[in-house]
**Q** 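Once you've had a glance at the structure underneath, I'll fire off some questions.
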Amino acid sequence: MTITTPDTPTAKPLLDWYDRHHRDLPWRISPGMAAGGAKPDPYRVWLSEVMLQQTTVQAVKPYFAKFLQRWPEVTDLAAAENDAVMAAWAGLGYYARARNLKKCAEAVAKEHGGVFPDTEEGLKSLPGIGDYTAAAVAAIAFNRQAAVMDGNVERVISRLYAIETPLPVGKPLMKEKVARLTPATRPGDFAQAMMDLGATICTPKRPACSLCPFRGACAALKHSDPEFFPVKAAKKEKPVRQGAAFVAVTADGEILLRRRAESGLLGGMTEVPTTAWTARLDGETSAAAAPFEAAWQACGTVLHVFTHFELRLSIWRTAIAGKVDDRANDGWWEPVTNLEAQALPTIMKKAIAAAIPLAFKTSKE
DNA sequence: TATCCGTGGCA
DNA sequence: TTGCCAAGGAT
């Protein structure tokens, strides 16, 4: 029996598919609009791409709308207060993105006259813009023939060419394939089409190969099992860390907050006083680590999974008459009614909610 | 190159 | 329930 060579993949069937099946997204100019002369706003493209780094479309939508309403142009974002940007980003995760977003806006405003560079190289020199984002903005906003490679494209390409080299070693080869496939016309639509395809058809599990515009050209579909690709290096298992967090509330309804170190985990974000998060921690050590002496009362444990460890945070609360000075630790007392405006990451909202069930309107129970 | 960096949805 | 993993970047 002869093995048939797959048809050589080309961009055409994918672009045709995109014209019929593209998703309507707030930051996107539809192919029809583009054909009518509409051009995507580089600021919106950049903002969406940074938010979409390792983050789902559904999670990004409300944040994108909020940022655009509050800071309609890159110069507005450049002029914003850091704290306001961090608070607006709270909950979206990967907070270095927010710090770099602000730095990037400032660089564009001050060093580029408020206009984004229109080349991959120029874009990549900006904070928070790496290989992927530079190529994506260059292709989508500036019609550059840039090879865009994200997790979706890795999956599509690895299947299309049945690349067995595990990631990340196989990434350069995949990038080469994408570059060869990227057309000179409509490179931005091609990039978005590849990502849409990966998100809706060429999915990690149970891909809908019968609906795929590449079904006649896909080596994995023809000779193997598409789900086998992409091959990835084995990953480490997550260690467990433990810690204690302390929620102190005054009779006036104010809570003690602190600011975390500018870099590292949850860098620059707001927290309630907490111990270090380490492999082991016993209860007596926890109580002794409280920010001040008081009748601390245990109120449960909060679980939270970070990228590289799982945290079990025991929560302690106390109700005290008045404020205790915490300025040595850069602490301050904030009205509980004003917590929504703070740059509180999700783990801290969970901790506070465990001690003060009504602190957040969105809190469970 | 390997590690660090959040969060939520889904099978 | 557990693991996977989503439009990655910085160091």
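Residue numbers begin at 1 in each chain, while the letters A, B, ... track the order of the sequences.
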**Q** I'd like to know if A/E271 pairs up with A/R260 as an ion pair, taking the criterion as any Lys NZ or Arg NE/NH1/NH2 lying under 4.0 Å from an Asp or Glu carboxylate oxygen.
**A**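 Salt bridge present between A/E271 and A/R260.
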**Q** Testing the 3.5 Å rule here: is there a donor-acceptor pair between the side chains of A/E49 and A/Y132?
**A**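 A pair is found: one side chain offers a donor N or O, the other an acceptor, under 3.5 Å apart.
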**Q** Would you call the rings of A/W333 and A/F292 parallel, tilted or perpendicular, taking 30° and 60° as the class edges?
**A** tilted
**Q** Rounded to whole angstrom units, what separation is found between the CE atom of A/M195 and the C1' atom of C/dA6?
**A**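 Rounding to the nearest Å, CE of A/M195 and C1' of C/dA6 are 12 Å apart.
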**Q** Take A/T56 and A/R206, find for each the nucleotide of DNA chain B with the closest heavy atom, and name the residue whose nucleotide sits nearer the 5' end.
**A**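 Nearer the 5' end of the strand: A/T56.
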**Q** Not counting sequence neighbours, list each pair that qualifies as a salt bridge (charged side-chain N to carboxylate O under 4.0 Å, His left out) and has a residue in residues 117-132 of chain A.
**A** A/D118-A/R144, A/K124-A/D131
**Q** Under 4.0 Å between any heavy atoms, over every strand shown, what does A/P204 touch: base, sugar-phosphate, or nothing? Just pick one.
**A**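 Sugar-phosphate, backbone atoms only, no base.
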**Q** Rounded to the nearest Å, what distance is computed from the CZ atom of residue A/F309 to the C1' atom of nucleotide C/dG3?
**A** 18 Å
**Q** For B/dC5 and A/H308 - does any side-chain N or O of the residue sit under 4.0 Å from the phosphate oxygens OP1/OP2?
**A** yes
**Q** I need the CD1-P distance between A/I347 and B/dC5, as an integer number of Å.
**A** 15 Å
**Q** Go through the structure and list residues passing side-chain hydrogen bond (donor to acceptor under 3.5 Å, both in side chains) with A/K350, not counting sequence neighbours.
**A** A/H304
**Q** Can you measure A/K235 atom NZ to C/dA6 atom C1' for me and round it to whole angstrom units?
**A**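 About 12 Å, once rounded to whole Å.
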**Q** On a whole-Å scale, what distance lies between the P atoms belonging to B/dG8 and C/dG9?
**A**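 Roughly 22 Å separates the two P atoms.
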**Q** For A/H304 and B/dT7, is the shortest distance between a side-chain N/O and OP1 or OP2 below 4.0 Å?
**A**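 True: A/H304 side-chain N/O within range (under 4.0 Å) of B/dT7 OP1/OP2.
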**Q** Taking only N/O atoms, report every protein-nucleotides 8-11 of chain C pair under 3.5 Å with atom names and distance.
**A**
| unit_1 | atom_1 | unit_2 | atom_2 | d |
| --- | --- | --- | --- | --- |
| C/dG8 | OP1 | A/G151 | N | 3.3 |
| C/dG8 | OP2 | A/Q54 | N | 2.6 |
| C/dG8 | OP2 | A/Q54 | NE2 | 3.2 |
| C/dG8 | O5' | A/Q54 | N | 3.3 |
| C/dG9 | OP1 | A/G130 | N | 2.9 |
| C/dG9 | OP1 | A/T133 | N | 3.0 |
| C/dG9 | OP1 | A/T133 | OG1 | 2.6 |
| C/dG9 | OP2 | A/D131 | N | 3.4 |
| C/dG9 | OP2 | A/Y132 | N | 3.2 |
| C/dA10 | OP1 | A/G128 | N | 2.6 |

**Q** Is it the case that one hydrophobic cluster holds both A/V45 and A/I29, taking links as side-chain heavy atoms less than 4.5 Å apart, direct or via other members?
**A** no
**Q** Does A/V148 reach a base, just sugar-phosphate, or nothing at all? Heavy atoms under 4.0 Å.
**A** nothing
**Q** Measure CH2/A/W89 against C1'/B/dT7 and give the value in whole Å, please.
**A** 12 Å
**Q** Could you tell me whether A/G264 contacts a base, only the sugar-phosphate backbone, or nothing, with contacts defined as non-hydrogen atoms closer than 4.0 Å?
**A**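 Sugar-phosphate contact only.
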**Q** Side chain of A/K236, heavy atoms from C-beta onward: which of B/dG6, B/dT3, C/dC4 has the nearest atom to it?
**A** B/dT3
**Q** Under 30°, 30 to 60°, or over 60°: which ring-plane class applies to A/F64 and A/W27, parallel, tilted or perpendicular?
**A** perpendicular
**Q** Find the distance A/E227:CD to C/dC5:P and express it as a whole number of Å.
**A**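 Rounding to the nearest Å, CD of A/E227 and P of C/dC5 are 11 Å apart.
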**Q** How would you label the contact of A/L25 with the nucleic acid (heavy atoms, under 4.0 Å): base, sugar-phosphate, or nothing?
**A**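 The residue A/L25 makes base contact.
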**Q** Specify the separation, in whole Å, of atom CZ of A/F306 and atom P of B/dG8.
**A** 11 Å
**Q** Whole Å only: how far is the CG atom of A/L167 from the C1' atom of B/dT1?
**A** 14 Å
**Q** Counting the atoms with a prime plus P, OP1 and OP2 as sugar-phosphate, which does A/R99 contact under 4.0 Å by heavy atoms, base, sugar-phosphate, or nothing?
**A** nothing
**Q** Any heavy-atom pair between the side chains of A/V272 and A/T274 that's under 4.5 Å?
**A**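 The answer is no; the side chains never approach within 4.5 Å.
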**Q** Using a 4.0 Å heavy-atom cut-off, does A/G198 contact any base of the nucleic acid, only the sugar-phosphate backbone, or nothing at all?
**A**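 It contacts nothing in the nucleic acid.
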